[in-house]
2 protein chains.
Amino acid sequence: MKRFIEVEQLLKTQGIRLTAQRALVLRRAVAYLHFTAEELVKDVREIDASVARGTVYRTLALLHRAGVVEKHDFRYGPPNYEVTFAKAHHDHLMCVQCGEIIEFQEPRVEALQQAVVKRFGYQLLSHTHKLYGLCRACQHADPRRAPKHPHLHVEEVVA
Amino acid sequence: MKRFIEVEQLLKTQGIRLTAQRALVLRRAVAYLHFTAEELVKDVREIDASVARGTVYRTLALLHRAGVVEKHDFRYGPPNYEVTFAKAHHDHLMCVQCGEIIEFQEPRVEALQQAVVKRFGYQLLSHTHKLYGLCRACQHADPRRAPKHPHLHVEEVVA
DNA sequence: TGCTTGTTGAGACTGAGTCTCAAGTAGAAA
DNA sequence: TTTCTACTTGAGACTCAGTCTCAACAAGCA
């Protein structure tokens with residue numbers, strides 16, 4: 001709820017009107033850690049079926065432009081969204097078997113990134129850094145069970 | 001041509017039949033550094049219009065399974081493919097303005113990745129690490145010109 | 001109250017990729 | 001050779017995620 005109110009403030013300062021539909025989309029989005037666009041559509045429409053799919057997508061795009069949500073292309077399944085507003089920068093580690101997503105910080109990697117771009121005369125704007133592997137449980141589990149996709153998963157935020 | 005022949009050998013050892021259509025797709029793919037599936041379809045069909053779109057996609061999937069081709073999700077535009085066979089591992093740095101893609105190697109990052117997964121008890125299988133920025137030329141160029149997409153671009157391979 | 005502008009729902013549309021299926025082809029077996 | 005089987009193909013329908021269009025509606029201002 002706290003985050004919802006903070007985002008509400010932010011949108012106000014940007015002159016973006018927070019309609020009932022947008023508020024609903026935002027409220028549902030902040031409830032998740034990672035979600036896909038279609039999952040959010042389904043979730044929102046379960047609460048209010050009159051909200052159109054297009055409205056959810058439009059709101060997601062709006063929140064993205066406002067710097068509230070980020071889009072992640074994980075290798076498995078459709079793109080994932082995340083409300084990154086008021087959250088420290090982090091990268092992701094994903095279990096390819098169960099889909100668990102862990103957020104991690106590694107400042108030494110960021111330093112090396114700066115060194116790389118400097119080497120080529122680039123100015124760094126952003127990056128994606130994703131690690132794929134097997135979590136402890138999946139390393140010992142039956143490998144034949146079907147892999148899940150990385151949606152709506154619990155995450156650990158790591159300082 | 002050398003790479004084409006090497007891949008041909010590899011497919012033979014895997015018992016994969018190299019039909020005329022597949023050979024054409026492969027020959028065109030190795031000619032590129034990075035390409036999108038649709039670009040490859042267009043290119044192949046310019047040479048032989050009788051090759052179906054589905055065949056190009058099927059062959060691409062086949063080459064991917066055989067470990068010859070890798071898929072990259074850059075943030076701008078559709079996924080990029082790359083013939084990585086007999087090529088050293090590398091990550092990518094992309095100019096978001098002109099679409100230039102530079103391949104780089106940074107073993108110290110790889111070492112840190114191992115440290116991260118160890119921290120969480122994961123077994124690392126693969127990773128994606130992409131840096132986005134402005135190349136030297138684009139830092140000084142008119143920022144209003146339309147950004148290009150990262151297709152078919154010249155790359156530098158860095159030892 | 002009227003005007004302007006922004007937002008919405010509905011649904012058509014798009015692009016990228018997948019699937020199906022009948023026809024064609026390669027290579028092994030007879 | 002011919003026959004058989006399994007694989008591969010072209011054509012095109014289909015799917016899925018996402019975008020666009022447009023008429024109706026709502027908010028905020030004068």
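To find a chain, count down the sequence lines: A is the first, B the second, and so on, and within it residues start at 1.
Judged by distance alone, with hydrogens and angles left aside, the side-chain atoms of Gln139(A) form a donor-acceptor pair with the main-chain N or O of Leu134(A) at under 3.5 Å. At distances below 3.5 Å, at least one donor-acceptor pair connects side-chain atoms of Thr59(A) with backbone N or O atoms of Thr55(A). Put simply, the side chain of Arg108(B) never gets that close to the backbone of Leu112(A): no donor and acceptor are under 3.5 Å apart.
Rounded to a whole Å, the CZ atom of Arg45(A) is 10 Å from the P atom of dG11(C). Per the geometry, CG belonging to Asp73(A) stands 15 Å off P belonging to dA16(C), to the nearest Å. The nearest whole Å value for the distance from the CG atom in Asn80(B) to the P atom in dG17(C) is 11 Å. Atom pair Arg22(B):CZ and dA26(C):P shows a separation of 12 Å (rounding to whole Å applied). To the nearest angstrom, P of dG18(D) lies 7 Å from NZ of Lys71(A). Here dG18(D) presents its P atom at 11 Å from CG of Leu40(A), a figure rounded to the nearest Å. Taking atom CG of Asp48(B) as the reference point, atom C1' of dT8(D) lies 15 Å away to the nearest angstrom. Nucleotide dA26(C) holds its C1' atom 14 Å from the NZ atom of Lys12(B), rounded to whole Å.
The side chain of Glu38(A) sits closest to dA17(D) out of dT9(D), dT7(C), dA17(D).
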Please list each protein N or O that sits under 3.5 Å from an N or O in nucleotides 25-28 of chain D, with the distance.
none

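When each of Tyr81(B) and Thr19(B) is assigned the nucleotide of DNA chain C bearing its nearest heavy atom, the one mapping closer to the 5' terminus is Tyr81(B).
Residues Glu46(A) and Lys42(A) are paired through a salt bridge, judged by an N-O separation under 4.0 Å between the basic side chain and the carboxylate.
The only option from Glu70(B), Glu103(B), Glu6(B) that meets the salt bridge (charged side-chain N to carboxylate O under 4.0 Å, His left out) definition with Lys87(B) turns out to be Glu103(B).
Grouping the Ile, Leu, Val, Met, Phe, Trp and Tyr side chains by contacts below 4.5 angstrom, directly or via other members, places Val109(A) apart from Leu125(A).
Contact check of residues 51-63 of chain B against DNA chain D (heavy atom, cut-off under 4.0 Å) returns Val51(B), Ala52(B), Thr55(B), Arg58(B).
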Could you check Tyr81(B) against Tyr32(B) for side-chain contact (heavy atoms from CB on, under 4.5 Å), going step by step and ending with a plain yes or no? CA-CA 9 Å; Tyr81(B) 293 86; Tyr32(B) 285 125; over 6 Å; no

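At least one side-chain nitrogen or oxygen of Gln21(B) sits closer than 4.0 Å to the OP1 or OP2 atom of dG10(D).
The aromatic rings of His127(A) and His129(A) sit perpendicular, their planes meeting at an angle over 60°, well past the 30° parallel limit.
The shortest heavy-atom contact between Phe4(A) and Ala23(A) is CE1-O, 3.5 Å.
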